[in-house]
Number of protein chains: 2
Amino acid sequence: MAATTNHELKKVLREHELKATSQRIALLKLLNSTNEHFDAEEIYFELHKQQKNVSRATVYRSLEALVDQQLVSKLDFGDGRMRYERSREDDEHHDHLICEQCGKVIEFFNLEMEAQQLSVCEDHDFIPSTHTMYIFGICAECQALEPVGK
Amino acid sequence: MAATTNHELKKVLREHELKATSQRIALLKLLNSTNEHFDAEEIYFELHKQQKNVSRATVYRSLEALVDQQLVSKLDFGDGRMRYERSREDDEHHDHLICEQCGKVIEFFNLEMEAQQLSVCEDHDFIPSTHTMYIFGICAECQALEPVGK
DNA sequence: TGCGTAAATGAGAATCAGTCTTATCTTCAT
DNA sequence: ATGAAGATAAGACTGATTCTCATTTACGCA
């Protein structure tokens, strides 16, 4: 889903049985253009910077629809608001390292970890649908700035 | 931290540089007496059932203090409110399987998974402090009720 | 054991993310 | 081009959590 032109995005939306409104196109275009993990308010703000005066309610409703259709991923960093990122072409799930100092988000994928998760589910006769895995800590840059050496 | 008497709890609180107020003692005692994952409102309600008329603000503030001192763990199941559980004696971290049908929470611990997490952190020169790992899906009982066979 | 002070609490106002309502537009199949 | 289904704007509303501030309590010290 690397679509970036209005026409392509329109097509993508229709393929997912969503009406191709200008608001949704703007939203998808924004998320497709960045690797940032925006929250709803930031998305609202970014759209307004682009003269796309989408209402807050529409930001939330559109994000919900796009998440349902897996065109967008919803992330919960545990700080009380949800973040959103474009979903990746490959269906490859990735998880996140989150720096508690600077807020940077580092993505990673670890096959062995995914395998272990499946194994745990099997052990408990549990059918997994999704998972969230966030590791909080201090990133390399922040370690350099404020040596935690002690 | 298997303390359960008022005296023991008082000692535990003082060891963590927290004033041993009756509210905090009641709260700790409640969480130590169960394996439930209560949210703040449930805790507020449970305390009132026991004639401990702790205010909501105090429930939140005390929980925060206890979490800071690692006497209590805070869990984010992603449904808009935080849950709290007593922290475990052994430092053994456990993670959660959460049934999307009935809300049941199954705890698990997987050494290999923890090892993989450390390895990921090393790869990224990242110093981990905590992590959250929740697997959402359907538990065995709910599968039996509503066969997902399909 | 009584005191003073820093810390904690209660009550309710305030905040903040997110959802809902309703009247008004758009999209798009026909 | 047209109308029904679906989407939007604006702001009210909700529910969880935090804040404010006046009052109370814990506890180290005299």
Side-chain angles (χ1 to χ4, degrees), chain A residues 6-7 9-30 37-48 50-69 71-84, chain B residues 6-28 30 37-48 50-69 71-72 74-84 103:
Chain A
N6 283 21
H7 181 68
L9 291 172
K10 220 161 182 167
K11 185 160 158 257
V12 169
L13 284 167
R14 294 216 180 110
E15 282 167 1
H16 287 270
E17 308 198 301
L18 295 175
K19 284 192 178 171
T21 66
S22 62
Q23 292 87 338
R24 289 171 177 173
I25 292 172
L27 219 159
L28 264 188
K29 193 182 286 189
L30 171 63
H37 304 85
F38 287 132
D39 63 40
E41 194 60 25
E42 288 167 337
I43 290 171
Y44 175 79
F45 182 71
E46 288 297 321
L47 291 177
H48 276 247
Q50 303 171 15
Q51 314 301 316
K52 306 281 182 187
N53 295 310
V54 177
S55 74
R56 242 173 282 260
T58 296
V59 169
Y60 281 104
R61 276 180 309 223
S62 300
L63 284 172
E64 187 185 19
L66 296 173
V67 169
D68 280 351
Q69 292 302 314
L71 295 172
V72 165
S73 306
K74 188 176 184 177
L75 311 173
D76 180 359
F77 291 176
D79 63 350
R81 64 208 139 128
M82 297 297 170
R83 318 288 174 128
Y84 300 87
Chain B
N6 284 19
H7 181 68
E8 284 171 325
L9 291 171
K10 219 162 182 166
K11 185 158 159 260
V12 169
L13 284 167
R14 294 217 181 109
E15 283 166 1
H16 288 270
E17 309 198 299
L18 295 175
K19 284 192 179 174
T21 65
S22 62
Q23 292 89 339
R24 287 172 178 171
I25 291 172
L27 219 159
L28 262 187
L30 171 64
H37 304 84
F38 287 134
D39 63 38
E41 195 61 25
E42 289 167 336
I43 290 170
Y44 175 78
F45 182 70
E46 289 297 322
L47 291 177
H48 277 246
Q50 304 172 13
Q51 313 301 318
K52 305 281 183 186
N53 295 309
V54 177
S55 73
R56 240 173 282 262
T58 296
V59 168
Y60 280 104
R61 277 180 306 220
S62 299
L63 284 171
E64 187 187 19
L66 296 173
V67 169
D68 281 351
Q69 292 303 314
L71 295 172
V72 164
K74 188 176 186 178
L75 310 173
D76 178 0
F77 292 175
D79 63 350
R81 64 209 139 127
M82 295 298 169
R83 319 286 174 130
Y84 300 87

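Lettering follows sequence order; numbering is per chain, from 1. None of these values were measured; they are calculated from a predicted model.
- Interface limits on DNA chain C: the 5'-most and 3'-most nucleotides within less than 4.0 Å of chain A heavy atoms are C:dA17 to C:dC28.
- Atom OH in B:Y60 sits about 18 Å away from atom P in D:dT20, given to the nearest Å.
- Without hydrogens or angle criteria, B:R24 side chain to B:K19 main chain gives a donor-acceptor distance under 3.5 Å.
- Of the inter-residue distances, the one linking A:L28 atom CG with A:Q23 atom CD reads 12.5 Å to the nearest 0.5 angstrom.
- The distance from the CG atom of B:L71 to the CG atom of B:L63 is 11.5 Å, given to the nearest 0.5 Å.
- Counting non-hydrogen atoms under 4.0 angstrom, B:A65 reaches nothing in the nucleic acid.
- Atom P of nucleotide D:dT25 and atom CD1 of B:I25 are separated by 14 Å, given to the nearest angstrom.
- Within the model, atoms CG of A:D76 and CZ of A:R81 stand 11.5 Å from one another, a figure rounded to the nearest 0.5 Å.
- When side chains are defined from C-beta on, B:H48 counts as touching B:N53, because their heavy atoms get closer than 4.5 Å.
- Side-chain contact between B:Y84 and B:L66 is absent, with no heavy atoms from C-beta onward closer than 4.5 Å.
- When each of B:D39 and B:R14 is assigned the nucleotide of DNA chain D with its nearest heavy atom, B:D39 is the one assigned upstream, toward the 5' end.
- With DNA chain D read from its 5' end, the first of the two nearest nucleotides for B:K10 and B:E41 is the one closest to B:E41.
- Between the OG atom in A:S22 and the CG atom in A:L9 there is a gap of 12.5 Å [rounded to 0.5 Å].
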What nitrogen or oxygen pairs link the protein and nucleotides 6-10 of chain D at under 3.5 Å?
{"residue": "D:dG6", "atom": "O4'", "partner": "A:K19", "partner atom": "NZ", "Å": "3.0"}
{"residue": "D:dA7", "atom": "OP1", "partner": "A:R24", "partner atom": "NH1", "Å": "3.1"}
{"residue": "D:dA7", "atom": "OP1", "partner": "A:R24", "partner atom": "NH2", "Å": "3.0"}
{"residue": "D:dT8", "atom": "OP1", "partner": "A:T21", "partner atom": "OG1", "Å": "2.7"}
{"residue": "D:dT8", "atom": "O3'", "partner": "A:Q23", "partner atom": "NE2", "Å": "2.7"}
{"residue": "D:dA9", "atom": "OP1", "partner": "A:Q23", "partner atom": "NE2", "Å": "3.4"}
{"residue": "D:dA9", "atom": "OP1", "partner": "A:N53", "partner atom": "O", "Å": "3.2"}
{"residue": "D:dA9", "atom": "OP2", "partner": "A:S55", "partner atom": "N", "Å": "2.9"}
{"residue": "D:dA9", "atom": "OP2", "partner": "A:S55", "partner atom": "OG", "Å": "2.9"}
{"residue": "D:dA9", "atom": "OP2", "partner": "A:T58", "partner atom": "OG1", "Å": "2.6"}
{"residue": "D:dA9", "atom": "N7", "partner": "A:R61", "partner atom": "NH2", "Å": "3.3"}
{"residue": "D:dA9", "atom": "N6", "partner": "A:R61", "partner atom": "NH1", "Å": "3.3"}

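- A distance-only check finds a donor-acceptor pair linking the side chain of A:E42 to the backbone of A:D39 [under 3.5 Å].
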